[in-house]
Structure formats: structure tokens, C-alpha cells
Amino acid sequence: MKQSLITALILCSISWISVSSSESHTETVEGRPGGEVTLTCSNPSIRDTPTFWLRVFNRTKASWISTMTGSTGKPLYSNGIQNGRFNMSTNISTLSLQIKHVDVSDSGLYLCGFYIEGRYDFSAIHLNV
Ligand SMILES: *[C@@H]1O[C@H](CO)[C@@H](O)[C@H](O)[C@H]1NC(C)=O
Ligand SMILES: *[C@@H]1O[C@H](CO)[C@@H](O)[C@H](O)[C@H]1NC(C)=O
Ligand SMILES: *[C@@H]1O[C@H](CO)[C@@H](O)[C@H](O)[C@H]1NC(C)=O
């Protein structure tokens with residue numbers, strides 16, 4: 001899994017420029033400071049696959065937020081965000097990332113990823129607080 005993640009991060013940093021260029025077509029979620037938002041992605045497959053969330057910083061850096069190896073496992077969170085504000089969950093068909101007490105600084109581009117049969121499938125969501 002660690003290997004997959006590293007590969008994902010590399011692929012992400014390579015491919016993210018194309019994500020950025022299609023940003024105008026990206027779904028936008030609006031949040032209010034202090035409120036709560038939920039980012040969701042549809043699983044492009046019907047499988048219970050490993051999933052993860054990434055965030056893009058400063059248009060050039062991707063950083064890992066969280067991973068679930070399957071729908072029944074516990075999510076694993078990045079050290080930097082183990083503050084209980086983030087809650088990743090999935091029911092296989094829909095992957096969610098709930099963020100509590102959002103702040104203006106949470107605004108930006110988030111990527112959800114699905115690892116399906118050796119390939120990574122990413123979707124981008126723009127959070128606007
Ligand atoms: C993004 O850029 C700002 C300003 O240059 C910097 O302070 C911040 O550390 C950068 N964030 C990351 C995650 O690199
Ligand atoms: C996280 O979300 C799941 C699914 O919505 C929910 O069952 C769980 O109680 C939530 N956990 C926390 C700590 O909010
Ligand atoms: C999964 O969750 C989504 C969003 O909460 C919901 O729309 C969908 O019906 C759920 N699917 C299943 C199979 O429970």
C-alpha cells in the first residue's frame with residue numbers, strides 16, 4: 001500500500017497539470033468559515049478498491065490527506081491533519097471527505113483517487129470557503 005501511495009503521489013504530481021488546466025470544469029463545493037463541508041466522488045468501478053484523498057498546494061505540490069484500503073477498514077490520516085476535523089468514509093459507490101470547522105485556508109483543489117486494477121483514477125473538487 002505504501003508503494004501504491006508513493007506511485008500515486010508521483011503520478012499525481014506529473015498528471016496534475018492536466019487536472020489544473022481543466023479546473024474550470026471541476027466541481028466546486030462552497031463552505032462557510034466555521035461550517036462543515038463534505039466532498040464526494042463516485043467510484044468509477046463497482047469494486048471495493050483502495051481510495052485516497054490528496055490536496056494540491058500552491059498549484060504545484062500535492063500532499064496526501066488520507067487513505068482507506070477498503071470500505072471496511074479504518075481510514076489512515078496524514079500526521080499533519082490528525083486533528084479530528086477530517087472524516088473520510090466510503091460506502092463503495094461514493095467516497096466522502098467531511099471537513100469540520102472549515103477555514104478560508106482550507107480552500108483549494110482536492111483530489112480523490114481510486115486504485116482500480118493497477119491504475120489510478122482521479123477526480124478533482126474545488127473547495128471554496
Ligand atoms: C505555499 O506557498 C506559501 C507562500 O509562498 C507558503 O508559505 C506555503 O508554505 C506553501 N505551502 C506549501 C504546502 O508548500
Ligand atoms: C465519519 O463519517 C461516518 C460516515 O458518515 C460516520 O459513521 C462516523 O460516525 C463519522 N465519524 C466521525 C468521527 O465524525
Ligand atoms: C452511498 O452514499 C451516497 C452518498 O451518501 C448515497 O447517495 C448512495 O445511495 C449510497 N449508496 C449505497 C449503496 O449505500
Side-chain angles (χ1 to χ4, degrees):
M1 192 56 213
K2 200 171 185 187
Q3 187 66 47
S4 312
L5 259 179
I6 291 165
T7 314
L9 293 177
I10 292 166
L11 284 183
C12 184
S13 53
I14 292 167
S15 66
W16 105 264
I17 291 161
S18 60
V19 173
S20 166
S21 61
S22 62
E23 209 171 328
S24 53
H25 309 291
T26 303
E27 182 194 342
T28 298
V29 172
E30 304 281 344
R32 283 189 189 173
E36 188 179 297
V37 294
T38 302
L39 313 181
T40 58
C41 290
S42 295
N43 187 342
S45 78
I46 53 167
R47 291 165 198 273
D48 188 1
T49 66
T51 53
F52 44 94
W53 285 98
L54 305 171
R55 175 162 179 198
V56 176
F57 279 102
N58 295 345
R59 304 189 68 84
T60 57
K61 288 182 187 143
S63 90
W64 170 65
I65 298 175
S66 57
T67 297
M68 286 177 87
T69 53
S71 64
T72 54
K74 265 189 153 185
L76 186 70
Y77 296 96
S78 151
N79 283 335
I81 60 130
Q82 273 174 348
N83 52 13
R85 284 203 306 131
F86 290 75
N87 184 8
M88 178 181 191
S89 60
T90 180
N91 64 4
I92 302 178
S93 61
T94 304
L95 175 67
S96 311
L97 182 69
Q98 182 186 45
I99 312 174
K100 293 169 195 153
H101 313 298
V102 287
D103 185 75
V104 175
S105 64
D106 291 321
S107 297
L109 193 65
Y110 290 74
L111 302 178
C112 61
F114 295 86
Y115 182 67
I116 304 162
E117 296 182 332
R119 293 190 307 115
Y120 293 96
D121 190 290
F122 291 101
S123 302
I125 300 172
H126 202 269
L127 173 61
N128 203 356
V129 180

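As the structure lists them, so they are numbered: ligands from 1, and atoms in each ligand from 1.
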Minimum-distance pair of heavy atoms, taken over all atoms of Phe114 and Pro44: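 Minimum heavy-atom contact is CD1-CD, 3.7 Å.
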Close side-chain approach of Arg85 and Asp106, heavy atoms under 4.5 Å: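 In short, these two side chains touch, coming nearer than 4.5 Å.
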Worked verdict on Ser71 versus Asp48 for side-chain hydrogen bond (donor to acceptor under 3.5 Å, both in side chains): CA-CA 6 Å; Ser71 64; Asp48 188 1; 2.8 Å; yes
To which protein heavy atom is [atom] closest, and what is the distance rounded to 0.1 Å?
{"atom": "atom 8 (C) of ligand 3", "value": "Asn91 ND2, 3.8 Å"}
{"atom": "atom 6 (C) of ligand 2", "value": "Asn87 ND2, 4.2 Å"}
{"atom": "atom 5 (O) of ligand 2", "value": "Ser89 OG, 4.1 Å"}
{"atom": "atom 3 (C) of ligand 3", "value": "Thr94 OG1, 3.5 Å"}
{"atom": "atom 13 (C) of ligand 3", "value": "Ser93 OG, 3.9 Å"}

Heavy-atom gap Met88 to ligand 2 smaller than 4.0 Å: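 Not so, Met88 does not reach ligand 2.
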Residues Thr60, Asn58; criterion side-chain hydrogen bond (donor to acceptor under 3.5 Å, both in side chains); working and verdict: CA-CA 6 Å; Thr60 57; Asn58 295 345; over 6 Å; no
Ser107 side chain vs Val129 backbone, donor-acceptor pair below 3.5 Å: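 Yes; at least one donor-acceptor contact below 3.5 Å.
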Any non-hydrogen protein atom less than 4.0 Å away from atom 11 (N) of ligand 3: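 Yes, there is a protein heavy atom closer to it than 4.0 Å.
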Geometric class of the Tyr120/Phe52 ring pair [parallel <30°, tilted 30-60°, perpendicular >60°]: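 It falls in the perpendicular class, over 60°.
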Backbone or side-chain N or O of Lys100 under 3.5 Å from ligand 2 N or O: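 Min N/O separation from ligand 2 is below 3.5 Å for Lys100.
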